[in-house]
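The structure appears below as structure tokens.
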Number of protein chains: 2
Amino acid sequence: MSSSNIRRSMPLFSIGIVMQLTELSARQIRYYEEHQLITPMRTDGNRRLFSLNDIDRLLEIKDLLEQGVNLAGIKKLIIVNETEFVSNKPIQKSEEIRKDLSDGELRKLLKSELLHGGRHRTTLRQGDMSRFFH
Amino acid sequence: MSSSNIRRSMPLFSIGIVMQLTELSARQIRYYEEHQLITPMRTDGNRRLFSLNDIDRLLEIKDLLEQGVNLAGIKKLIIVNETEFVSNKPIQKSEEIRKDLSDGELRKLLKSELLHGGRHRTTLRQGDMSRFFH
DNA sequence: ATTGTATGTTAGGAAATGTAACATACAATT
DNA sequence: AATTGTATGTTACATTTCCTAACATACAAT
């Protein structure tokens, strides 16, 4: 893992700030955690602490939900995304990724994601927190 | 002000996190605020919220204190620093800066700062929070 | 010996966050 | 039409974190 990734996974933000940054309710954020879409750290006193990566993922989740993907689907997509990052060909094209990973129900999920609107952008690959820092 | 500076002045961090990041006590941080070395934002509920710039400044303060400069001196130095940033010659050499600003007791303060060890680095010009982000 | 500076410690209160339970809206299914 | 599942809202109560204010302390300077 690069030092940049270490920094991006540093637990820094309270849930209040994350609510503002993502425009999600505390209920939503906790619900997504409950379903293991994010796993923020905890303080000694059991308060959640979110990293930049967590916030990026929340923005991803929000985006996918708005496109009609349900939590189960998002979960799979996130795993895809992580696998992709761990692999040593991180710059392969999205078409190739889809070919690599389209088996079983995963294929259906990805297809439904593709069918939804022409909004292709960087949703799965990169969060939006970068805009907060240089 | 650049968009990057806007981001760096965004209030994001609770005092607990800032304590960890700076290794300062809450007492110290509040004391520095009391003496107007920092002015963190507040939530509606009156909790302090610190920006990256605030954290950088706290690291600056800590560094200068360790070099023997007192709060009054640090305050002056910080004003110098800000003036420098606002001016339209932000890349002028440190020697020139000193010439520009060495009048009255300020001269003495800067001198004492210079006398202290050969640690010249970037103390006054740039904080260390950049290491937390890319 | 006194004063000033920087920080520690404690007390009491308020805000933010935690979990848990129940409510609701809506889509999908039977 | 009734039921089930999903995502979220709301409320209640407990705990943690943070607030201010006051007093204590160590040390340097006067």
Side-chain angles (χ1 to χ4, degrees), chain A residues 11-51 54-55 57-78 105 108-109 112 115-116, chain B residues 11-50 54-55 57-78 105 108-109 112 116:
Chain A
L12 293 174
F13 305 99
S14 64
I15 199 171
I17 291 295
V18 176
M19 289 171 63
Q20 292 180 220
L21 255 29
T22 60
E23 296 181 282
L24 292 167
S25 68
R27 182 69 169 92
Q28 288 175 299
I29 295 169
R30 295 189 190 115
Y31 186 69
Y32 304 153
E33 182 190 19
E34 188 183 338
H35 290 265
Q36 300 166 36
L37 300 181
I38 49 170
T39 51
M41 290 291 115
R42 300 283 183 136
T43 66
D44 293 342
N46 201 36
R47 266 76 214 284
R48 271 167 267 253
L49 277 186
F50 299 82
S51 69
D54 289 327
I55 295 174
R57 176 164 294 182
L58 285 170
L59 292 171
E60 245 183 75
I61 293 167
K62 186 181 183 185
D63 192 75
L64 289 170
L65 277 170
E66 282 165 4
Q67 292 177 60
V69 185
N70 65 13
L71 289 200
I74 294 171
K75 197 166 179 176
K76 303 259 185 192
L77 286 165
I78 282 173
E105 69 176 343
K108 283 191 293 181
L109 286 162
S112 93
L115 287 175
H116 249 284
Chain B
L12 292 174
F13 306 99
S14 65
I15 199 171
I17 291 295
V18 175
M19 289 171 63
Q20 292 179 220
L21 256 29
T22 61
E23 295 181 282
L24 292 167
S25 68
R27 183 70 169 90
Q28 288 174 300
I29 295 169
R30 295 189 190 117
Y31 186 70
Y32 304 153
E33 181 189 19
E34 188 182 338
H35 289 265
Q36 298 165 35
L37 299 181
I38 49 170
T39 51
M41 288 293 115
R42 300 284 182 135
T43 66
D44 293 343
N46 202 36
R47 265 76 208 286
R48 271 168 267 254
L49 277 186
F50 299 82
D54 290 326
I55 295 174
R57 176 164 296 182
L58 285 170
L59 292 171
E60 245 183 74
I61 293 167
K62 186 180 184 185
D63 191 74
L64 288 170
L65 277 171
E66 282 164 5
Q67 292 178 58
V69 184
N70 66 11
L71 290 200
I74 293 171
K75 195 166 180 176
K76 304 259 185 191
L77 287 165
I78 282 173
E105 69 177 343
K108 282 191 293 181
L109 286 163
S112 92
H116 248 285

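Quick caveat: nothing in here was measured; it's all calculated off a predicted structure. Per chain, numbering begins at 1; letters A, B, ... match sequence-line order.
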[X] [atom1] to [N] [atom2]: how many Å, rounded?
{"X": "I29(B)", "N": "dG8(C)", "atom1": "CD1", "atom2": "P", "result": "11 Å"}
{"X": "L37(B)", "N": "dT5(C)", "atom1": "CG", "atom2": "C1'", "result": "13 Å"}
{"X": "E34(A)", "N": "dT6(D)", "atom1": "CD", "atom2": "P", "result": "12 Å"}
{"X": "F13(A)", "N": "dT17(D)", "atom1": "CZ", "atom2": "P", "result": "18 Å"}

Point to revise | Donor-acceptor under 3.5 Å (R47(B) side chain, S14(B) main chain) | key: no

Check your understanding: Is a donor on one side and an acceptor on the other found under 3.5 Å between the side chain of D54(A) and the backbone of S51(A)?
Key -> yes

When you compare the side chain of [Y] with that of [X], does any pair of heavy atoms fall below 4.5 Å?
{"X": "T22(A)", "Y": "I55(A)", "value": "yes"}
{"X": "Y32(B)", "Y": "I74(B)", "value": "no"}
{"X": "K62(A)", "Y": "E66(A)", "value": "yes"}
{"X": "Q36(B)", "Y": "K75(B)", "value": "yes"}
{"X": "I38(B)", "Y": "I78(B)", "value": "no"}
{"X": "L49(A)", "Y": "I17(B)", "value": "yes"}
{"X": "R48(B)", "Y": "R42(B)", "value": "yes"}
{"X": "L65(A)", "Y": "L71(A)", "value": "yes"}

Study note, to complete from the structure: Heavy-atom contacts, protein to nucleotides 11-19 of chain C, under 4.0 Å, summarised as B (base), S (sugar-phosphate only) or - (none) per nt, yield ---BBBBSB

Check your understanding: Taking only N and O in the side chain of Y31(A), is any of them less than 4.0 Å away from OP1 or OP2 of dT6(D)?
Key ->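 Looking at the OP1 and OP2 atoms of dT6(D), neither is under 4.0 Å from any side-chain N or O of Y31(A).
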
Give none if [N] has no partner; otherwise give the nucleotide forming a Watson-Crick or G-U wobble pair with it, both distances under 3.5 Å.
{"N": "dT30(D)", "result": "dA1(C)"}
{"N": "dG8(C)", "result": "dC23(D)"}
{"N": "dT3(D)", "result": "dA28(C)"}

Point to revise | Nucleotide nearest N70(B) when distance is taken to its side chain, options dT8(D), dT7(C), dA6(C) | key: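 Nucleotide nearest to N70(B)'s side chain: dA6(C).
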
Could you go over nucleotides 21-28 of chain C and give all protein N or O partners under 3.5 Å, atom names and distances?
none

What are the atom names and distances for every N/O pair under 3.5 Å that joins the protein to nucleotides 28-30 of chain D?
none

Review point. What's the shortest heavy-atom distance between R57(A) and L37(A), and which atoms?
Key: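 Between these two residues, the closest heavy atoms are CD-O, 2.7 Å.
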
